[in-house]
Amino acid sequence: MRIDIITALPGLLESPLNQSIIKRAKEKKAVEIYIHNLRDYATNKYKGIDDYAFGGDAGMVMMIEPIDKAISALKAERPYDEIIYTSPDGIKYNQKEANKLATFHNIIILCGHYKGIDQRVRDHLITKEISIGDYVLSGGELAASIIVDSVVRLIPGVISDETSALTDSFQDNLLAPPVYTRPAEYKGWKVPEVLLSGNFKKIDAWKEQQSIERTKNLRPDLLDE
Ligand code: ADE
């Protein structure tokens, strides 16, 4: 899979997309991630990428031309399955959406700036708007990092334990059961007996029951979906 991210703040993305699982996925060539600095596509002599809003509103608006140039340059090289804009008014991101994105070959993510992007970009260049939740970030870069992280770990072969991503919370609309490691007892706090029993049938039944209990208690809304 190939992910192209267009941003005015590349520094905000470089570290989160160069650690742990994402770093390993890139090394294994399971994913290619390219960060494009929007400023490289600026057309005026000041290298500006934003300008005053028509109609006299306060605040600067990201201009359409550099964005169109950046997206067109990428589209000239290969077809894209989705051109995503990160914005608080997009569809609410969830595991189902992550699963869908993970099946794609090429996606573009344009990092937004709340209130600050020429509407014609959204009307004519973007195929999907995604929000990571009902709160406002200063820009879409952290949202893009979250989307990329959740997608990359789903690409086959990225997580060494094959079943690991599939047993995540949310994959079957259930929260994951609790997990424990050594020591079996700490300050008198004990690991549930069944997990030490070696009886895998019993252990699996316990895990499933824990998943259902936790979901009922913590996220009953998931059971309605
Ligand atoms: N940009 C600003 N706020 C955002 C949010 N909640 N989700 C995605 N992009 C954003």
Side-chain angles (χ1 to χ4, degrees), residues 1-22 31 33-42 48-55 57-71 74 80-104 106-155 168-170 218-219 221-222 225:
M1 180 180 196
R2 176 183 168 119
I3 304 173
D4 288 282
I5 306 175
I6 303 171
T7 171
L9 298 167
L12 255 178
L13 287 158
E14 270 146 21
S15 173
L17 301 184
N18 255 320
Q19 320 271 344
S20 175
I21 287 179
I22 301 181
V31 68
I33 301 173
Y34 297 94
I35 299 171
H36 307 275
N37 190 342
L38 196 53
R39 220 163 275 283
D40 295 341
Y41 297 88
I49 50 169
D50 51 12
D51 207 337
Y52 294 100
F54 282 126
D57 271 343
M60 301 293 275
V61 174
M62 282 165 80
M63 292 187 290
I64 188 168
E65 195 174 1
I67 294 170
D68 184 34
K69 286 218 147 57
I71 292 177
L74 291 169
Y80 282 89
D81 300 296
E82 205 82 275
I83 303 176
I84 295 163
Y85 174 62
T86 53
S87 155
D89 33 359
I91 58 148
K92 187 97 67 75
Y93 194 60
N94 59 19
Q95 190 63 44
K96 203 167 140 214
E97 194 56 41
N99 291 345
K100 188 167 155 206
L101 293 181
T103 66
F104 289 158
N106 302 308
I107 61 172
I108 293 174
I109 305 177
L110 170 66
C111 299
H113 279 260
Y114 187 51
K115 281 191 185 152
I117 192 163
D118 190 307
Q119 182 62 31
R120 290 167 294 183
V121 171
R122 304 169 74 168
D123 292 344
H124 301 290
L125 304 176
I126 296 300
T127 62
K128 175 166 258 165
E129 301 199 2
I130 292 180
S131 163
I132 59 159
D134 290 340
Y135 41 82
V136 178
L137 305 166
S138 1
E141 284 75 14
L142 298 177
S145 308
I146 283 168
I147 294 168
V148 171
D149 186 292
S150 61
V151 168
V152 168
R153 60 198 303 288
L154 295 171
I155 300 171
D168 284 343
S169 280
F170 298 112
L218 301 171
R219 292 293 308 275
D221 56 299
L222 291 174
E225 277 175 23

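Order of listing sets the numbers, starting from 1, for every ligand and every atom in it.
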* Asked: For ligand 1, is there an atom lying under 4.0 Å from some heavy atom of G133?
  -> yes
* Asked: Quick one: which of L137, T86, I132 has a heavy atom closest to atom 7 (N) of ligand 1?
  -> I132
* Asked: So which bit of A143 gets within less than 4.0 Å of ligand 1, heavy atoms only: side chain, backbone, both or neither?
  -> side chain
* To do: State, to 0.1 Å, how close I67 and M63 come at their nearest heavy-atom pair, and which atoms those are.
  => CD1-O, 3.5 Å
* Structure fact -> Heavy-atom closest pair (Y85 atom, C111 atom, distance to 0.1 Å) is CE1-C, 4.4 Å
* Structure fact -> Quick note on ligand 1: atoms under 4.0 Å from a heavy atom of S131 include exactly 6 (N), 7 (N), 8 (C)
* Under 3.5 Å: donor-acceptor pair, side chain of N106, backbone of D81 -> no
* Take atom OH of Y135 as the centre, draw a 6.0 Å sphere, and report whether it contains more than 12 heavy atoms from other residues, nucleotides or ligands. => yes
* Structure fact -> Shortest non-hydrogen pair, A53 vs D57, comes out as CB-O, 4.1 Å
* Structure fact -> Checking heavy atoms under 4.0 Å, the part of S138 that sits near ligand 1 is neither
* To do: With I5 as reference, evaluate L17, I84, I108 under the side chain to side chain contact (heavy atoms under 4.5 Å, CB included) test and give the passing residue.
  => L17
* To do: For ligand 1, find out whether one of its N or O atoms is nearer than 3.5 Å to an N or O atom of V136.
  => no
* Asked: Hey, is I130 one of the residues with a heavy atom under 4.0 angstrom from ligand 1?
  -> yes
